[in-house]
Participant: 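Let me give you the structure first, and then I'll get to my questions.
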Amino acid sequence: MSDSSPSIPRHVAIIMDGNGRWAKQRGLPRIRGHEAGAESVRSAVRTCKKLGIKYLTLYAFSTENWIRPRAEIEGLMGLLRYFLGKEEKEFHENRVRLRVMGRMRDLPEKVQSALNRMMEITAHYDEGQLILALSYSGRAELSDAVRNIARRVRQGALEPEKIDEKTISESLYLPDVPDPDLMIRTSGELRLSNFMLWQLSYSELYFAPVFWPDFREKDLIAAVEEYGCRQRRFGDVK
Ligand code: IPE
Ligand code: IPE
Ligand code: MG
């Protein structure tokens, strides 16, 4: 399969949901669910590589998730660092570039340095990008974009009349990344939870009934196959 095939999405964005419920079902602490979810992350990266999907964005921690119990947040941050260390080989083998989307400065220093290090050493890889949405929300991203645009107007670098959709797209966290073609949410919840509100305008949506730790290669392939059967019209008549 080639990545130029229109039936293969160029960019897949996933709301990885249901780790806590997966653990609860097994009588385990929530963090065990997050650990099992990390395995699904590895599987998703490999499957994207196999299918020729260039961009994979994973919603890993929202700005709203900061209200969770401190122990869970610390567990998640620890897991993120552990994951980065453990997966270094995977990044090199798959030639995947790591990027972060969100208010990275909110994260603990040690997590920031682990992310910065991995972003630096994978910056030259161009076969695929893994984008982690961390301390991310669509509304926060749009607020940050509007603030930047307002600054440019105040400096006299931009005329308010010239502001259009392109100005906004270019002011988002990762302006060079194309909008997701396919958005997947696991766990059966049918909502966006503040994820990529601008970029998902014309994405195909797919809701999987399984919890994220159970979402593996065959599930991602099923989602991509369904995507291939969708007819995208973008408002046109076809
Ligand atoms: C998704 O799983 C991971 C994060 C939001 C960090 P959850 O932790 O939301 O698990 P559920 O939805 O409570 O089962
Ligand atoms: C969305 O899941 C955020 C992430 C997957 C990181 P949540 O579990 O936080 O969303 P809600 O609370 O069910 O809407
Ligand atoms: Mg959840």
Side-chain angles (χ1 to χ4, degrees), residues 11-45 48 55-84 86-87 98-108 110-112 114-115 129-144 172-174 177 180 182-200 203 205-216 219-220 223:
H11 183 177
V12 173
I14 308 183
I15 303 177
M16 310 184 286
D17 197 21
N19 294 352
R21 279 165 284 169
W22 181 93
K24 195 175 173 198
Q25 246 181 12
R26 288 160 177 76
L28 299 169
R30 290 177 60 86
I31 191 69
R32 294 283 101 78
H34 297 311
E35 285 167 10
E39 296 293 318
S40 294
V41 171
R42 181 192 296 136
S43 156
V45 172
C48 282
Y55 299 86
L56 172 65
T57 297
L58 299 177
Y59 203 6
F61 196 84
S62 73
T63 52
E64 287 78 19
N65 289 147
W66 291 112
I67 62 173
R68 291 192 178 196
R70 220 173 101 181
E72 177 161 351
I73 295 175
E74 281 171 4
L76 275 166
M77 294 300 150
L79 182 62
L80 183 55
R81 275 178 64 209
Y82 175 74
F83 172 83
L84 290 170
K86 200 164 102 171
E87 296 304 299
L98 177 75
R99 300 180 82 182
V100 172
M101 171 171 86
R103 291 178 173 168
M104 216 179 123
R105 63 183 182 279
D106 295 348
L107 303 172
K110 282 181 175 172
V111 174
Q112 290 188 41
L115 287 164
Q129 297 195 9
L130 171 63
I131 299 158
L132 293 182
L134 288 166
S135 196
Y136 174 87
S137 83
R139 287 185 177 185
E141 179 176 41
L142 287 167
S143 312
D144 289 349
L172 300 177
Y173 293 138
L174 300 177
V177 173
L182 172 64
M183 192 293 301
I184 300 170
R185 181 172 189 147
T186 60
S187 92
E189 305 294 357
L190 307 179
R191 54 176 172 264
L192 290 180
S193 302
N194 219 343
F195 188 47
M196 301 186 88
L197 298 178
W198 178 270
Q199 300 91 325
L200 293 177
S203 309
L205 308 181
Y206 182 92
F207 296 94
V210 299
F211 295 136
W212 174 247
D214 289 328
F215 190 90
R216 295 292 161 92
D219 306 283
L220 183 49

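Order of appearance sets the numbers: ligands from 1, and atoms from 1 within every ligand.
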Participant: Has Gly18 got any heavy atom lying under 4.0 angstrom from an atom of ligand 1?
Facilitator: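 Contact present.
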Participant: Output yes when a side-chain donor or acceptor of Thr186 lies under 3.5 Å from a complementary backbone atom of Phe211, and no otherwise.
Facilitator: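 No: the side chain of Thr186 does not pair with the backbone of Phe211.
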Participant: Does any N or O atom in Asn65 lie less than 3.5 angstrom from one in ligand 1, N or O only?
Facilitator: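 No, Asn65 has no N/O under 3.5 Å of an N/O on ligand 1.
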Participant: Just to confirm my output: which protein heavy-atom neighbour is closest to atom 12 (O) of ligand 2, and how far is it?
Facilitator: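 For atom 12 (O) of ligand 2, the nearest protein heavy atom comes out as Arg191 NH2, 4.6 Å.
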Participant: If the cut-off is 4.0 Å to any non-hydrogen atom of Asp17, which atoms of ligand 2 fall inside it?
Facilitator: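 In order of numbering, the contacting atoms are 2 (O), 8 (O).
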Participant: I need the minimum non-hydrogen distance between Asp17 and Arg21, along with the two atoms involved.
Facilitator: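 Asp17 and Arg21 have their closest heavy atoms at OD2-NH2, 3.2 Å.
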Participant: Nearest 0.5 angstrom please: Arg81 CZ to Gln112 CD, how far?
Facilitator: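 Rounded to the nearest 0.5 Å, the CZ-CD separation comes to 12.0 Å.
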Participant: Please write down residue, atom name and distance for the protein heavy atom closest to atom 10 (O) of ligand 1.
Facilitator: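 Here the nearest protein heavy atom works out to Gly20 N, 2.9 Å.
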Participant: Among all protein heavy atoms in this structure, tell me which lies nearest to atom 1 (C) of ligand 1, with the distance rounded to 0.1 Å.
Facilitator: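 It is Met16 O, 2.9 Å.
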Participant: Describe, in one word, how the ring planes of Phe195 and Tyr59 are oriented to each other, choosing from parallel (under 30°), tilted (30 to 60°) and perpendicular (over 60°).
Facilitator: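 If you compare the ring of Phe195 with that of Tyr59, the planes turn out parallel.
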Participant: Give a yes/no on ligand 1: does His34 have at least one heavy atom closer than 4.0 angstrom to it?
Facilitator: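 Yes, His34 has a heavy atom closer than 4.0 Å to ligand 1.
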Participant: Measuring from atom 9 (O) of ligand 1, which candidate in Glu189, Glu64, Glu72, Arg68 has the nearest non-hydrogen atom?
Facilitator: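 The residue whose heavy atom sits nearest atom 9 (O) of ligand 1 is Arg68.
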Participant: Below the 3.5 angstrom mark, is there an N/O of Ser193, backbone or side chain, next to an N/O of ligand 2?
Facilitator: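 N/O-N/O distance below 3.5 Å exists for this pair.
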Participant: Counting only heavy atoms closer than 4.0 Å, does ligand 2 sit against the backbone of Phe61, its side chain, both, or neither?
Facilitator: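 The part of Phe61 near ligand 2 is the backbone, not the side chain.
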Participant: Atom CE in Met196, atom CG in Leu142: separation rounded to 0.5 Å?
Facilitator: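 Answer rounded to 0.5 Å: 11.0 Å.
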Participant: Hey, which atoms in ligand 2 end up nearer than 4.0 Å to a heavy atom of Ile15?
Facilitator: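 This gives 1 (C), 5 (C) as the contact atoms.
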Participant: With a cut-off of 2.8 Å, does any N, O or S atom of Asp17 fall short of it relative to the Mg ion (ligand 3)?
Facilitator: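 Asp17 does place an N, O or S atom closer than 2.8 Å to the Mg ion (ligand 3).
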Participant: Taking 4.0 Å as the limit for heavy-atom contacts, which would you say applies to Arg30 with ligand 1: side chain only, backbone only, both, or neither?
Facilitator: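 The answer is the side chain.
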Participant: How far is atom 6 (C) of ligand 1 from its nearest protein heavy atom, and which residue and atom name does that atom have?
Facilitator: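 Of the protein heavy atoms, Ala60 O, 3.3 Å lies nearest.
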Participant: Going by atom types alone, do Trp212 and Ser187 pair a side-chain donor with an acceptor below 3.5 Å?
Facilitator: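 No - no donor-acceptor pair under 3.5 Å links their side chains.
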Participant: How far is atom 2 (O) of ligand 1 from the closest protein heavy atom, and which atom is that?
Facilitator: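 The answer is Asn19 N, 3.2 Å.
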Participant: Do other residues, nucleotides or ligands put more than 12 heavy atoms under 6.0 Å from Arg139 CZ?
Facilitator: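 Count not over threshold, so no.
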Participant: So for atom CG, which belongs to Leu190, do other residues, nucleotides or ligands contribute more than 12 heavy atoms lying within a distance under 6.0 Å?
Facilitator: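 For Leu190, atom CG is crowded (more than 12 foreign heavy atoms under 6.0 Å).
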Participant: How many angstroms lie between atom CD1 of Ile184 and atom CZ of Phe215, to the nearest 0.5 angstrom?
Facilitator: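 Interatomic distance, Ile184 CD1 to Phe215 CZ, rounded to 0.5 Å: 4.5 Å.
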Participant: Non-hydrogen atoms of Ser62 versus ligand 1: any pair closer than 4.0 Å?
Facilitator: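 No heavy atom of Ser62 comes that close to ligand 1.
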Participant: Under a 4.0 Å heavy-atom limit, does Arg21 contact ligand 2 with its side chain, its backbone, both, or neither?
Facilitator: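 Neither; no heavy atom under 4.0 Å.
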